[in-house]
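Inspection log for the structure reproduced underneath, given as structure tokens.
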Protein chains: 2
Amino acid sequence: MNPARRIRDEIAGAIRSGEWRPGDRVPTEQELAARYGCARATVSKALGELAASGLVERRRKAGTFVAQPPVHSAVMTVPDLAELIAARGEAYRWTLLSVEHEAEGEDNCPGPALRIDGVHMAGGEPFALERRFIALGEVPEAMGADFATEAPGTWLLGHIPWTQARHVIRAVTPTRREAAALSTGAGAACLELDRTTWRAGRVVTHVRQLFRGDRFDLVAEFNAGP
Amino acid sequence: MNPARRIRDEIAGAIRSGEWRPGDRVPTEQELAARYGCARATVSKALGELAASGLVERRRKAGTFVAQPPVHSAVMTVPDLAELIAARGEAYRWTLLSVEHEAEGEDNCPGPALRIDGVHMAGGEPFALERRFIALGEVPEAMGADFATEAPGTWLLGHIPWTQARHVIRAVTPTRREAAALSTGAGAACLELDRTTWRAGRVVTHVRQLFRGDRFDLVAEFNAGP
DNA sequence: CAGTGGTCTAGACCACGCA
DNA sequence: GCGTGGTCTAGACCACTGG
């Protein structure tokens, strides 16, 4: 076994099992190097990975300590709708409702923009409503795209990879129009996913997706450490 | 500037700006070492960090490549309710409704368990309903805890740090009882957060929290790279 | 089988922050 | 000051895997 991996996993195990408690001091790099019979750089790499994953905190002069558990963050999977629906064994289809050219998009997507409305369908049934703004200042080629055949999210993935994004998740009661478009009851709870996407600090697109509460949920995993 | 940091940031910038596209080949460690005038180990560290953050993919013999953008994952903040409410400037209070000792908890928390029901209050108003199971096989000391004065989540944090967790987020319509307990309309959408928590592979606790849709939303950030 | 990343070593110097 | 982590070097060997 890798010395670095072994050191990392043994320390991670001691922390996760509760043997080492938050605030406990981890042995110094020199002590660990002596104990494991390896170079200090190897120990440094192992501790660096543990620090990067949040299991320990390192302070100069003071030493390395077991960190306080950050129970509050988790990695959430925001699925690609086409993939998600295909994985369920249902047929996916995108239905375009409208494309409008606007001089001023909205708060979350300023400047000239396209406003695209459509529906994601699963097995012939509406699955999610989508309203999207695409900043034409950032993605002028969106003017020439055909959003009737390809969902705008899919098109954007091919043209603007490597973005940063912010998601806001809410539970909302749909309007009558929305409920009708989703073929759901007027009072049925829906999950709203708002995503704003940047590239190099500038908004590329903003999308609001509305899901039937009885057909969609999000899953997030929290796994501290390597 | 750190050579390693500089290499890392310049490559990350080239990827995020779109200059280097997914699938593009990154120069070899030797080429980068020569270009930046540093040791190969330094380049290796920088590329390793980029790989750890998902910006590049490394394959032996083949080389290092710009990865496909994983638009589907984001880091979600699952707030500590007491902190969240305090940050809003409202008074936080936990109200215990009941504690039951059960021989068999439920699917998500098997074996003997405590079942605890209660309400998280913000500024005198109900903010979230909570039903929690605590596995007594894993946390026998929970029998002696006073869940009237301390919310079970807070108590657990002090006794079982460093767990792994899985969250499921849904939009639901509350039952009449739940709506009444939350002081909200019978048809108002609510956000449900289900969290199952493990330690060393065994379930420690399972909690279902129900929030008023008009008073709570979740935020997730996606920021690939360092 | 050759080139790439993966890992490790032994040593060095620096920066920081507590005493 | 002085001990800690932070970083870097030059070199080495290994493991994998694509051509």
Side-chain angles (χ1 to χ4, degrees), chain A residues 1-15 20-70 162 224-226, chain B residues 1-15 20-70 162 224-226:
Chain A
M1 175 62 89
N2 265 343
R5 204 172 292 267
R6 186 181 150 213
I7 298 171
R8 193 191 66 186
D9 293 348
E10 287 190 12
I11 294 178
I15 293 173
W20 292 3
R21 311 267 311 174
D24 282 1
R25 178 166 188 165
V26 175
T28 68
E29 292 187 352
Q30 293 190 2
E31 288 169 336
L32 289 171
R35 180 181 311 176
Y36 286 95
C38 66
R40 188 170 79 92
T42 304
V43 175
S44 179
K45 190 187 178 192
L47 291 180
E49 290 171 356
L50 289 172
S53 69
L55 269 185
V56 303
E57 186 186 351
R58 315 193 72 188
R59 294 197 302 274
R60 285 183 154 134
K61 163 66 184 175
T64 301
F65 300 87
V66 178
Q68 299 298 322
W162 287 116
Chain B
M1 174 61 88
N2 265 342
R5 203 171 293 265
R6 188 181 149 214
I7 298 172
R8 192 191 65 187
D9 292 348
E10 288 189 11
I11 294 178
I15 292 173
W20 292 3
R21 311 267 312 173
D24 282 0
R25 178 166 187 162
V26 175
T28 67
E29 291 187 351
Q30 293 190 3
E31 287 169 337
L32 288 171
R35 179 182 311 177
Y36 285 97
C38 66
R40 187 170 78 93
T42 305
V43 175
S44 178
K45 191 187 178 191
L47 291 181
E49 290 171 357
L50 290 172
S53 68
L55 270 185
V56 303
E57 185 186 351
R58 316 193 72 190
R59 294 197 303 274
R60 285 183 156 135
K61 164 67 183 174
T64 301
F65 301 85
V66 178
Q68 300 298 323
W162 289 114

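A note on names: the letters A, B, ... follow the listed sequences, proteins ahead of strands, and every chain is numbered from 1.
Looking at every heavy atom in both residues, B:Leu32 comes nearest to B:Pro27 through CD1-O, 3.7 Å. Across all non-hydrogen atoms, the minimal contact from B:Ala4 to B:Ala46 is O-CB, 3.5 Å. Among all heavy-atom pairs drawn from B:Val66 and B:Arg21, the shortest one is CB-O, 3.4 Å. The shortest non-hydrogen separation linking B:Pro3 to B:Thr42 is CB-CG2, 4.1 Å.
Among the atoms of the strands shown, base atoms are found under 4.0 Å from some heavy atom of A:Ser44.
When each of C:dG5, C:dT9, C:dT4 is scored by its nearest atom to the side-chain atoms of A:Ala39, the top-ranked nucleotide is C:dT9.
In this structure a side-chain-to-backbone donor-acceptor pair under 3.5 Å is present from A:Trp162 to B:Ala67.
B:Glu49 places its CD atom 15 Å from the C1' atom of C:dG6, with the value rounded to the nearest Å. The separation between A:Arg8 atom CZ and C:dC8 atom P is 10 Å, rounded to whole Å. Here D:dT17 presents its P atom at 12 Å from CD of B:Glu57, a figure rounded to the nearest Å. Residue B:Leu50 contributes atom CG, which lies 16 Å from atom C1' of C:dG6 at whole-angstrom precision. When rounded to the nearest whole Å, the span between NZ of B:Lys45 and P of D:dG5 equals 14 Å. One atom, CD1 of A:Ile7, and another, P of C:dT7, lie 13 Å apart when rounded to the nearest Å. The CZ atom of B:Arg58 sits 15 Å away from the C1' atom of D:dT17 (whole-angstrom rounding). Distance A:Phe65 CZ to D:dG5 C1': 11 Å, rounded to the nearest Å.
One finds no side-chain N or O of A:Thr42 lying less than 4.0 angstrom from the OP1 or OP2 phosphate oxygen of C:dT7. Look at A:Thr64 and you'll find a side-chain N or O under 4.0 angstrom from OP1 or OP2 of D:dG5.
Remark: nothing in residues 26-33 of chain B comes within less than 4.0 Å of DNA chain D through any heavy atom.
For B:Arg25, there are no side chain to side chain donor-acceptor pair (under 3.5 Å) partners, not counting sequence neighbours. For B:Ala14, the side-chain contact (heavy atoms from CB on, under 4.5 Å) test picks out B:Glu19, B:Trp20, with sequence neighbours left out. Residues meeting the side-chain contact (heavy atoms from CB on, under 4.5 Å) test with A:Gln30, sequence neighbours left out: A:Thr28, A:Arg40.
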Exercise for review: If a protein heavy atom is under 4.0 Å from the base, mark B; if only from the sugar-phosphate, S; if neither, -; do that for nucleotides 11-19 of chain C going 5' to 3'.
Suggested key: -BB-BSB--

Extract all donor-acceptor atom pairs below 3.5 Å that involve side chains of residues 55-64 of chain A and protein atoms in other chains or at least two apart in sequence.
unit_1, atom_1, unit_2, atom_2, d
A:Arg58, NE, A:Thr64, OG1, 3.3
A:Arg58, NH2, A:Glu29, OE2, 2.5

